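As the structure is a computational prediction, the values presented were derived from the model and not from experiment.
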Amino acid sequence: MMESENTTSEKSLADKHAERMKRLRELHTKRNEARQQNHKEVVEEDKRNKLPSNWASRKRQAEWIIQDEAARKAAQEKGEDYERMKLLHIDATEAERIARKKKNKKNPDPGFSDYEQAAIRQYNRLVKNIKPNMDSYEEAKDKLGPAFYGDKNTILHGLHEDKKEAIDKMVEDLEKQIAKRDKYSRRRMHNDDADIDYINERNAKFNQKLERFYGEYTRETKLNLERGTAI
């Protein structure tokens, strides 16, 4: 009876030992898997940190281009109009956003870069608003003949007569420009210690712009003038 109990006890201890060893091996396996996973995530994070800041957006754009080209090719093989098929799956709000985005691209507003570009933009705005009278154009062309286009020997004085409506329109446009400048101009604090190199406020603003863009190139000349050593 004692031998049977001893045998059962030894078997129970052996089973417990085997169970513990099995759990220990499982823990070791999980620890190694966790270690490998952590190492893999660290490597991936390091790769992501080394990528450019706009990598995600560039990747999405590249994937979209690939998908778009594949869909376009499939539509061409089926003989379908791909642009029309795309519009069928776009709601009104998204279509309006796309149209607005395209319009902004066609007419960008880069802001002030230099006076030449500002003059060109102003000229383009004025030309875009001009609505020519083709009847008057053809009438003047028939009346003046070759002198309508003119050359180096053409005397233009007296050939053209400005209409009152055109003069009034020009005056109205100039008044609008002046009102717009006055609306967006900011009054700056007057500095009593600054040099007086202007005759009015508008001239002062103009001189400040010149100083901001060209001051570094004319500073030495100004100093020479003040010292009386200018050549």
Check: Quick check: are there more than 12 heavy atoms from other residues, nucleotides or ligands sitting under 6.0 Å from CZ of R125?
Finding: yes
Notebook entry, point to check: Is the count of non-hydrogen atoms from other residues, nucleotides or ligands lying under 6.0 Å from Q61 atom CD greater than 12?
Noted result: no
Margin query: side chain to side chain contact (heavy atoms under 4.5 Å, CB included) for K164 and I167? Distances and angles first, verdict last.
Written below: CA-CA 5 Å; K164 183 178 182 303; I167 296 175; 5.7 Å; no
Next item on the list: Look at the side chain of D68 and the backbone N and O of W64, then say whether any donor-acceptor pair between them is shorter than 3.5 Å.
Entry: no
Separation of [Y] [atom2] from [X] [atom1] (nearest 0.5 Å):
{"X": "L225", "Y": "E220", "atom1": "CG", "atom2": "CD", "value": "10.5 Å"}
{"X": "N207", "Y": "K209", "atom1": "CG", "atom2": "NZ", "value": "11.5 Å"}
{"X": "T218", "Y": "N224", "atom1": "OG1", "atom2": "CG", "value": "11.5 Å"}
{"X": "D168", "Y": "E165", "atom1": "CG", "atom2": "CD", "value": "7.0 Å"}
{"X": "R219", "Y": "T221", "atom1": "CZ", "atom2": "OG1", "value": "11.0 Å"}
{"X": "Q177", "Y": "E175", "atom1": "CD", "atom2": "CD", "value": "11.0 Å"}

Checklist line | Whether F213 and Y115 hold their rings parallel, tilted or perpendicular, with breakpoints at 30° and 60° | finding: perpendicular
Item checked: Worked check of side chain to side chain contact (heavy atoms under 4.5 Å, CB included) between Q208 and N203 -> CA-CA 9 Å; Q208 288 173 2; N203 180 238; over 6 Å; no
Checklist line | Beyond-backbone contact of E33 with T29, side-chain heavy atoms, under 4.5 angstrom | finding: yes
Notebook entry, point to check: Taking NZ, NE, NH1 and NH2 as the nitrogens, is one of them in K176 or E172 under 4.0 Å from a carboxylate oxygen of the other?
Noted result: yes
Next item on the list: Could you work out the complete set of other residues in the hydrophobic cluster of L174, with links drawn between I, L, V, M, F, W and Y side chains under 4.5 Å apart?
Entry: M170
Distance-only check: which donor-acceptor pairs under 3.5 Å involve side-chain atoms of residues 133-143, not counting sequence neighbours?
unit_1	atom_1	unit_2	atom_2	d
N133	OD1	D135	N	3.1
N133	OD1	S136	N	3.4
N133	ND2	S136	OG	3.4
K141	NZ	Y149	OH	3.4

Expected list for residues 36-43: side-chain donor-acceptor pairs under 3.5 angstrom, two or more places apart:
unit_1	atom_1	unit_2	atom_2	d
N38	ND2	A34	O	3.2

Next item on the list: Check the side chains of H28 and R25 for a donor-acceptor pair under 3.5 angstrom, ignoring hydrogens and angles.
Entry: no
